[in-house]
Each structure stands twice: as C-alpha cells, then as structure tokens.
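A short worksheet on the structure shown next.
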Amino acid sequence: MDERGSTGFIAIHNVSKVFATADDGGLKAIDDVRLSIAEGEFVCLLGPSGCGKSTLLNLVAGFEEPTTGTLSCAGRPVVAPGPDRGVVFQEHTLFEWMTVRDNVIFGLTCNGPMRSRFPDAGQRAQACIDLVGLRGFENTYPNFLSGGMKQRAAIARSLAPDPAILLMDEPFGALDAQTRYIMQNELLKIWQATRKTILFVTHSIEEAVFLADRIVVMTRRPARIKEIVKLTTPRPRDINDAACSAIKSRLYASMASESVMS
Amino acid sequence: MSDRTPVLVTLRENLREIGIPRLLIALFLVVLFGIAIATRMDLAGLLTDSLLRAARNGILVLALLPAVQGGVGLNFGLPIGIICGYFGKTLLGIDRVVRIAYPIPTIAWIPLVLIWFGPGTSAITFMVFIAAFWPTYMQAFEGTRQLSTRYLRVARSLGASRKAIIVAILVPGGLPYLLNGLRLGYGEAWRLLVAAEMLLATTGLGQHIQVSRSMLEVDKIIAGMIVIGLLGFLVERFVFDRVELATLGSWYRREEGAEIG
Amino acid sequence: MSAAGSTLGRATTRVIHEWWLLCAMLLVWIIASALNAVPNSVFPDVQTLARSAAGLVEGKVGVLGKLGDHLWISAARFGAGYALAAGIGIAIGLAMAASRVVAALTLPIIRILYPIPGLAWTPLVIMWCGIGENAVIVLIFVSAVWPIIYGAFDGFRNIPRPYFLVCRQFGATWGVRVRRVLVPAALPMILSGLRLGHGMGWRAIVGAEMIAAVTGLGYMLNMGGELRRPEVVVVGMIVIAVVNALLDRVVFGSLERRFIARWKR
C-alpha cells in the first residue's frame, strides 16, 4: 500500500482541483491529495458536507480534470469517464421512462463496443437484477419503486458492464434509517460476491465504520486528507462494540474540528 | 453606484421599476407608430381615430372595473364558479354545460353576438362578458373545489358555522384563484377586444375582403391596437398588480416573518 | 340528495347530477322547435339547424360552399402553421436550453412577444403577405409557437445532470444519448407545450379566417353572421368545438397515455 499515491489500483497522485470563478482567483476544492487504493478494497471518503469529497470522486470518475496531479485506475491514466468505473449517485440515477430492465441494459447497449462485448445483454442484465434482489421487478417503472429499490436498480445498472471499480456518491443519503441499514448490508453482500473496488463517499460516521476497510477523513474545503483510519474488525460489524466505538469516537473528534463554521 | 450623478441613479431605478418587458412593449407600440408613419398613413386621422377608440374602449375598460366590484360582468364567472365548486352535486350540471361550451374559441362567438346585438358597443360589451367568463369560472370553480376538500373538513370538524366558513376560509383562501381568474379573464377580454377591433374594421356588410379596402382599414386597426395595448398595459400595472400586492403580497410577507412555535 | 346503497346507485346519481341541465336545455330546445316557438332569426330550431347542416355539407347554401371544403382548408392551414410552429419552436427551445448565450439573447424577445395575442399581428402580417393562405398560416404560427418554445426550453433545461453523467460514463453514442435519454426526458414538458400551442393555434385560425381569408371555417362563421343566418353560425361553432375537443382529447390525450402516463406517478 503506497501512501504516496503513485501506485495502486486507484492511484491519486498530488491532485488539486481549482474551479474557475467569475471574480477572484477561483475556488480551490481539493488541495494536494495523495491516495492509493488496492484492488478489491472498500474505501470510504468521510468529511463534512461540501468539503470536496464528491469532487474527488468526480475526478476519479473522469467527469472533471484535475488542475494539477494525475489519477490512474488499473495502471491506466484517467482522462475521461469510462465503463471500467461505474457510478451510483444519490438521486436521479434511473431513467424514469425505462423499466428496471431497460435501465440495467442501457449500459450494455449504448454503443458498438459494448454491444459486441455483451452479446447476451438480456441475460447479463437479469443476472445483475437478481444479484441486487430485484427479481420480479424487471418490468416496473422507477416511479413505482421505493427509494431502496431504486438504488438497488441503480447498483445493478452500474454493475452490468462489469466495471472493476464502483464509485458511489452518498447513495443511501436520501433513504430513511431503516432502509439505509438494509441497503448497507445488501451492498456488503454484493461487494463480497463481486469483489469490486469501491470508493464510497459519505458524511455519516456510522455508515463508514460499518462498511469500510479504510476510512479517509477529509478536511473542510479546500479538502486535504486529514487522516486515514484502518478497520480490521471482521464483518458483519456491530458498530456499538468496543473496537468500533473507539474508532467512532476518534472520527467524531476528527470531524468535529472540521465542521466548525468559521 | 455612489459615484454616479443623482439624476442617473433615479433614472436607472425608475427603469428597473418599470421593467424591461414593459419598456419593450412600449417600444413595440412606438414601432407600430413608426410603421404607420412610414407607410404614409394619415397621421392626424390616425390620432383622432385613436382618441375616439380610446374613448369608446376606455369607457368599456373603466366600466369593467366597477363591474368587478359590483359582482356583475367579469364576475359572472366568479359567483357561478364559486357556487358550483362549493355545493357541487346537482350544480355540477352547470359545470358540465360550461365545459362543453369551453372548446369554442371566444372569437367564434362574435358573429352570433353580432346577429343578436348588431354592430356596436353593446355587442362588444356582451362579448367582453363572455370572453372573461371562461377563465374566471374555471379558476373560481377549481379554487373553491380544492378548498372544499382541504380546509372545509377541518372547519367542519371544529364546528364552524356556514357563515364563518365562507367569510374566514372561502374568501381569503380562494382569493389567489379568484384574483388569478380575474386577471386571466381580463387578459381574455383584452385579446377579444383586439380581435373584435380588427373584425369590425375590416369586414364590411356582406362583402368579400378586397385587398385595397383592407389596406385602407389597416390604419384604423393599428390605431385600435395602440389604444388597446396601452390600456391593457396600464390596467395590468396599476390595477391588478396593486390589488394583488395589497392582498396576497402582505400575506406572503407575513408568512416569511412568522415564528412557528 | 346523497345516495345511499350500491355503487351503481351512486354512479347513476352522479351521472344525473352532471347531465341534467344539458338534457333539460336540449329538451326545451327540441320541444320549442316542434312547437315552432324558436325565433329563427336569433337561434335556429332543430329543423333549421338540421337543414342548414345538411345544406352546408352538400354545398347548397348559396355563397357558402361546402362544409367539407371549408373544414379541409382550415385543417390544411392549421396543419401547415402548426407544423412550422412545432418544428421551429422545438428547435429554438432546444437551442436555448443548450446554450446560455442563445437563451440570454432570445428570452427577452420572447417575453415581450408572447403576451401579444396572435391576432394583434394581423396588420403586420397582412402588410407582408396580403390576404390569403400565407397570412393565416403565419398567424397560426405566431400564436402557437410561444408555448412550444417554452415547453421545449423547460423540458430540455430541466433534464437532471446525473442523466448526462450516466451517458458519459457508459460511453453512450450521440445518437443513443439523444434518442433514448434526452428526448424521452424532455418529452412531458414538450408535449405539454405542444398541447397548449395547439389550443392557441386553433383559436387563432378561427379569428384569422374571419378576418383575413375567403375560405375556411372561420370565414364560414363570419359569413353566416353577415348573411344573418344564425343556423350557419351555430353549425360552424359546433364543428369547431368538436374538432378542437377531438384533437385535444383524442390526439394529445392518446399521445400522453402512450408515452407518458405509463411511467409517471
């Protein structure tokens, strides 16, 4: 594990991001971040709202370009979005006018290379739908699904083209507490079945402690890495046991100083 | 802003208050005038014509205002809509009839009205009644209908008397819809006036429209349009905006500062 | 007046509540016609209306020609004007949504022009195109285009950003993006604008034909008035109302059902 970030399955090397603004120098969202993520790891980006963790995720996804520094995935530099890095957003993920099945199939049929890679798109889509536990809902439209089911479908869709990496931006943020807990467990099950590398953005400490192998705590804007906490408790975890509680306290303290409004 | 001369500052504020859309409407009217001049129309005649039409239309427009207060004219739609919306049941028969007649464009009523009243002011007045009826009715009906379900249940469960319900709930609660209906109704009436102007100016009695004849009448049409445009603009600005601000505006402001315990 | 008992009983009561007035009015009209009590100079009785309708269909009512011809001509003009409005309107709305510059330039113009009733353009239009087909078509266009522009603008403008990101992430081709994502996403608002525009265009054509044409339904309506024949006018009004309602409910209603109602909440 290379903390300098120049190697690793996802390698973030000296990355800064500055957004140009109309008036002065610009908005610095990320300041010199170095991070290396191993294959198959589940890493959480934890930080206060608006700190820039979503921006970092967007950089890995290829939606934006870094102002300085480089990012690479599986050895290849990140220059644009691609099917090797699936994304799951918090809202407006599924296409409303398509059934679950059509949504999941979308990534497999949206261009030539994909179509040749997945000649049996229908079967592959069904497998993903089964994996997320939505069997029987293939022909339902998203507006008739509950929040949790919608996110399951979104996960199925992003898994369909078999990406090596899953980037998730607070995917359970809009769900109620009960559904959130169910979905967290579901996600772990899916992760253990597929062994994807997951980069998961959240501002919930409990969620991070429940899910992650490592938690990357980020500062207030401009975001820097404050500390990285490694969790060794085997899953499924009880976030109220001794080890997890200790980590939670540590994280609360760390976050508290970041959340104070200046 | 502080280093500009006071005159410019006031000018700028005035412009901002009037608003770009209205300025551009004014510009449109000026352009109309320009076209009239450019095509070498009889400007003096145009102006006297405009004045005459202003007098005629102005009286109509001014008559609409007390009519609104008096509960007649524009308000035919209002009381009928409210009554149908509130009581429902058997009175829905009236709603059905209104809705069947609704797809007929207002302008299509003009020939019939002309047959009944002959060309003249009374025909136009009646047409204005009809034009304003549909939007006012629809809004009043919908508004009362919606209120009926929500607030009335609460009021009835609290044991409010019928009179209390009407005064305290229906009128204030329905006010946005009613005002909107009146506004739309006025808009419809205005559009109808425009259409009627052109119709009366271009069609003679039992004659096909000839090109030369229509060209001669176009200046009258433009005169009419200018007048109607100005009147519409003025009424919009000074009547409806003021009324809306005075009633609804104060409520919304009050809500913003309200403390919810 | 509340109906107790079966749902059938309740449904019947509802139907009676809704339709009694209309039936009563028709009944009065029919009876009065039978008694020859309807003043035909004011409103036609049943016989006159039927005769006039038949006469118009056959083309036997003097200078008025055939109803079918008028209907056809009006429909053709409306089709042309509306097609123009739809094509240009959607294109402009799309351009405005895609480019902030375009939007900044066009929005003020549109905000000014759209409140002007379509018929108010008649003098200008007549000056440019003279009396006849083109004038009517232009008037329809100028009445229908604004809601269509707004519909397309709002529709495309309100597409959620994640949709675009998803397309980029999967590497969707341009064609797939437009056909399978952008258009369906914007369709509800576009359709709503098209429906509104249709209503406005239809009102415009009636007025336009009354003023600036020598054929068509509006002309027939007007002529009926000038010839002092209310039965012709009533026939015309009924035809217009029926066509309008049919187009609105049947065409747009079914479009909405087919493309939108299925998946909307």
Side-chain angles (χ1 to χ4, degrees), chain B residues 20-25 27-28 32 35 39 88-97 100-116 187 190-192 194-195 197-199 201-211 214-215 217-219 221-222 225 228-229 232 236, chain C residues 1-2 13-14 16-25 41-43 108-109 111-113 115-120 122-124 126-127 130-131 202-207 210-214 218 221-230 232-234 236-238 240-245 248:
Chain B
I20 304 254
R22 298 202 177 98
L23 275 179
L24 285 168
I25 292 179
L27 203 68
F28 177 72
L32 275 184
I35 293 179
T39 52
K89 297 211 182 113
T90 326
L91 290 174
L92 284 177
I94 303 179
D95 181 64
R96 170 59 31 197
V97 170
I100 287 189
Y102 187 66
I104 303 174
T106 334
I107 305 154
W109 288 91
I110 294 188
L112 205 59
V113 171
L114 282 179
I115 291 180
W116 291 342
W190 180 61
R191 290 171 52 198
L192 187 88
V194 171
E197 275 299 323
M198 275 180 272
L199 197 60
T202 57
T203 59
L205 291 171
Q207 272 174 335
H208 296 289
I209 298 171
Q210 292 155 22
V211 180
S214 72
M215 288 311 281
E217 302 287 8
V218 169
D219 59 343
I221 301 174
I222 292 186
M225 276 174 55
I228 295 174
E236 257 282 315
Chain C
M1 267 258 193
S2 59
T13 326
R14 241 209 329 261
I16 296 178
H17 281 323
E18 253 197 72
W19 296 93
W20 67 270
L21 186 60
L22 186 65
C23 295
M25 288 166 74
S41 53
V42 171
F43 196 83
I109 302 177
R111 277 214 204 104
I112 298 307
L113 294 180
I116 301 177
L119 289 179
T122 317
L124 290 172
I126 293 184
M127 263 192 272
I131 307 281
W202 193 244
R203 314 181 59 140
I205 192 179
V206 174
M210 284 166 72
I211 297 171
V214 293
L221 212 64
N222 198 23
M223 271 300 139
E226 294 196 2
L227 296 174
R228 294 286 184 272
R229 308 192 56 169
V232 171
V233 178
V234 173
M237 287 168 78
I238 293 178
I240 290 174
V242 166
V243 173
N244 189 15
D248 184 65

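Every chain is numbered from 1, with letters handed out A, B, ... down the list of sequences. For clarity, every value in this text was computed on a predicted model and none was experimentally measured.
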Heavy-atom closest pair, residues B/I104 and C/A241:
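So the two residues come closest at CG1-CB, 3.5 Å.
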Closest non-hydrogen atom pair, C/V206 against B/A108:
CG1-CB, 4.1 Å
Can you tell me how far apart CD1 (B/I107) and CD1 (C/I205) are? Round to the nearest 0.5 Å.
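B/I107 CD1 to C/I205 CD1: 11.5 Å, rounded to 0.5 Å.
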Separation between CD (C/E18) and CG (B/D95), nearest 0.5 Å, reads 7.5 Å
Out of B/L112, B/L114, B/I110, which one pairs with C/V233 under the side-chain contact (heavy atoms from CB on, under 4.5 Å) rule?
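For C/V233, the side-chain contact (heavy atoms from CB on, under 4.5 Å) check succeeds only for B/L112.
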For chain B, the option from C/L22, C/I16, C/I238 that forms the most heavy-atom pairs under 4.5 Å:
C/L22
Do B/W109 and C/M237 come within less than 4.5 Å of each other through their side chains, counting heavy atoms only?
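Yes - at least one pair of side-chain heavy atoms lies under 4.5 Å apart.
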